[in-house]
Amino acid sequence: MQSGQVNRQRTASIILAGGCFWGLQAFLRRLPGVLETEAGYANSLVPAPTYEQVCSQRTHAVEAVKVVYDPDILTLRQLLDAYFAVIDPTAVNRQGNDTGTNYRTGIYYSDPADLPVIQTAVKTEERRYVHPLATEVLPLKNYYPAEGYHQDYLEVHPGGYCHISPVLIHGFRLKSPEELAKEDGNGQ
C-alpha cells in the first residue's frame with residue numbers, strides 16, 4: 001500500500017468451536033473471504049489456559065477457531081453454513097473420535113448484531129435433524145490463542161488426525177446468499 005492510501009477493507013470476526021481445532025482451522029482458512037484464522041480456547045473459567053488445562057475439562061474452555069473475515073466477500077450466514085457442513089451439531093461434547101466438554105460445538109459472538117443471523121442459521125440447521133442441536137450459541141466471554149504448535153497444525157503436519165474429511169477441507173463449495181435465503185425461507 002502506498003503512503004497516504006487507506007485500506008478500506010471491512011472485517012468481522014466470530015469464534016467457532018467444532019471439535020478439535022486443527023481440522024476446523026484447516027477448513028475455515030480455505031473459504032474465500034477468510035482473512036485470518038487462529039486456534040484458541042473460548043469461554044474459559046481460567047485465564048490463559050494451557051492445552052493440558054483445557055484437556056482436563058476443569059476450565060470449561062472449548063477448543064475454538066477465531067475467524068476474521070471480509071463480510072463483503074463472505075457473509076456470516078455463508079460462514080455458518082460452511083461451519084455446519086463439517087460438524088455434527090447434535091453430538092454432545094464430541095466430534096469424531098474426540099470426546100469431552102472441550103470438544104463441544106459452539107458459536108461465540110462479540111457483536112450483538114450477529115445474533116439474528118446466527119439464530120436464523122441455527123433454525124435452518126435444526127430442520128435437517130430429528131434430534132435437537134447441541135451447538136451452543138453464546139456471547140463470547142473470553143478467548144485465548146492456543147500454543148504456537150497448534151496454529152495451522154494440519155498445514156505443518158498434513159497427515160495429522162482430523163475428524164473433518166479432507167474432501168470437505170479441500171473441495172467445499174459455498175452456497176450463494178440467495179441459495180441460503182431460500183433455505184431459510186426468506187427467498188422466493
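With sequence neighbours left out, the side-chain hydrogen bond (donor to acceptor under 3.5 Å, both in side chains) criterion links N43 to no other residue. Judged as a side-chain contact (heavy atoms from CB on, under 4.5 Å), and not counting sequence neighbours, the contacts of S56 are R58. Shown here are the salt bridge (Lys or Arg N to Asp or Glu O under 4.0 Å) partners of E126, two or more places apart in sequence or in another chain: there are none. In terms of the side-chain hydrogen bond (donor to acceptor under 3.5 Å, both in side chains) criterion, K141 has no residue partners (sequence neighbours excluded). By the side-chain hydrogen bond (donor to acceptor under 3.5 Å, both in side chains) test, E179 pairs with R173, S176, sequence neighbours left out. Qualifying side-chain contact (heavy atoms from CB on, under 4.5 Å) partners for N142, counting only residues two or more places apart in sequence or in other chains: S44, Y144. A82 is linked by a side-chain contact (heavy atoms from CB on, under 4.5 Å) to F27, L31, F172, L174, counting only residues two or more places apart in sequence or in another chain.
Under the 4.5 angstrom side-chain criterion for Ile, Leu, Val, Met, Phe, Trp and Tyr, the cluster partners of V62 are I15, Y108, L138, L140, Y143.
For the atom pair CG of D70 and CG of D72, the computed distance is 5.0 Å after rounding to the nearest 0.5 Å. We find the CD-CZ distance between Q57 and R104 to be 9.5 Å, quoted to the nearest 0.5 Å. From I73, atom CD1 reaches atom CZ of R10 across 10.5 Å, with rounding to the nearest 0.5 Å. With rounding to the nearest 0.5 Å, the separation of NE2 in H157 from CH2 in W22 is 7.5 Å. Within the model, atoms CG of L133 and NZ of K123 stand 13.0 Å from one another, a figure rounded to the nearest 0.5 Å. We find the CG-SG distance between D98 and C55 to be 9.0 Å, quoted to the nearest 0.5 Å.
Within the structure, the ring-ring contact (aromatic ring centres under 6.0 Å, His included) test picks out no pair touching residues 114-138 (sequence neighbours left out). Listed by first then second residue, pairs satisfying salt bridge (Lys or Arg N to Asp or Glu O under 4.0 Å) with a partner in residues 105-114 number zero, not counting sequence neighbours. Identified under the salt bridge (Lys or Arg N to Asp or Glu O under 4.0 Å) test for residues 23-50, with sequence neighbours left out: R29-D152, R29-E155, R30-E155. Applying the ring-ring contact (aromatic ring centres under 6.0 Å, His included) definition to pairs two or more places apart or across chains, those involving residues 48-75 are Y51-H150.
The only member of T37, L80, V86 that meets side-chain contact (heavy atoms from CB on, under 4.5 Å) when paired with L16 is L80. Shown are T101, V46, T59; of these, the side-chain contact (heavy atoms from CB on, under 4.5 Å) with V54 is made only by T59. With respect to L79, the side-chain contact (heavy atoms from CB on, under 4.5 Å) criterion is satisfied by exactly one of I107, L74, V117: L74.
Contact check for N93 versus T99: no side-chain heavy atoms found under the 4.5 Å cut-off. Residues Q95 and I87 form a side-chain contact, since some pair of their non-hydrogen atoms from C-beta on lies under 4.5 Å apart.
Between R77 and D184 a salt bridge is recorded (basic side-chain N to carboxylate O distance below 4.0 Å).
Distance alone, capped at 3.5 Å, places no donor-acceptor pair between the Y83 side chain and the L24 backbone. Here the side chain of Q25 pairs no donor or acceptor atom with the backbone of V65 at under 3.5 angstrom.
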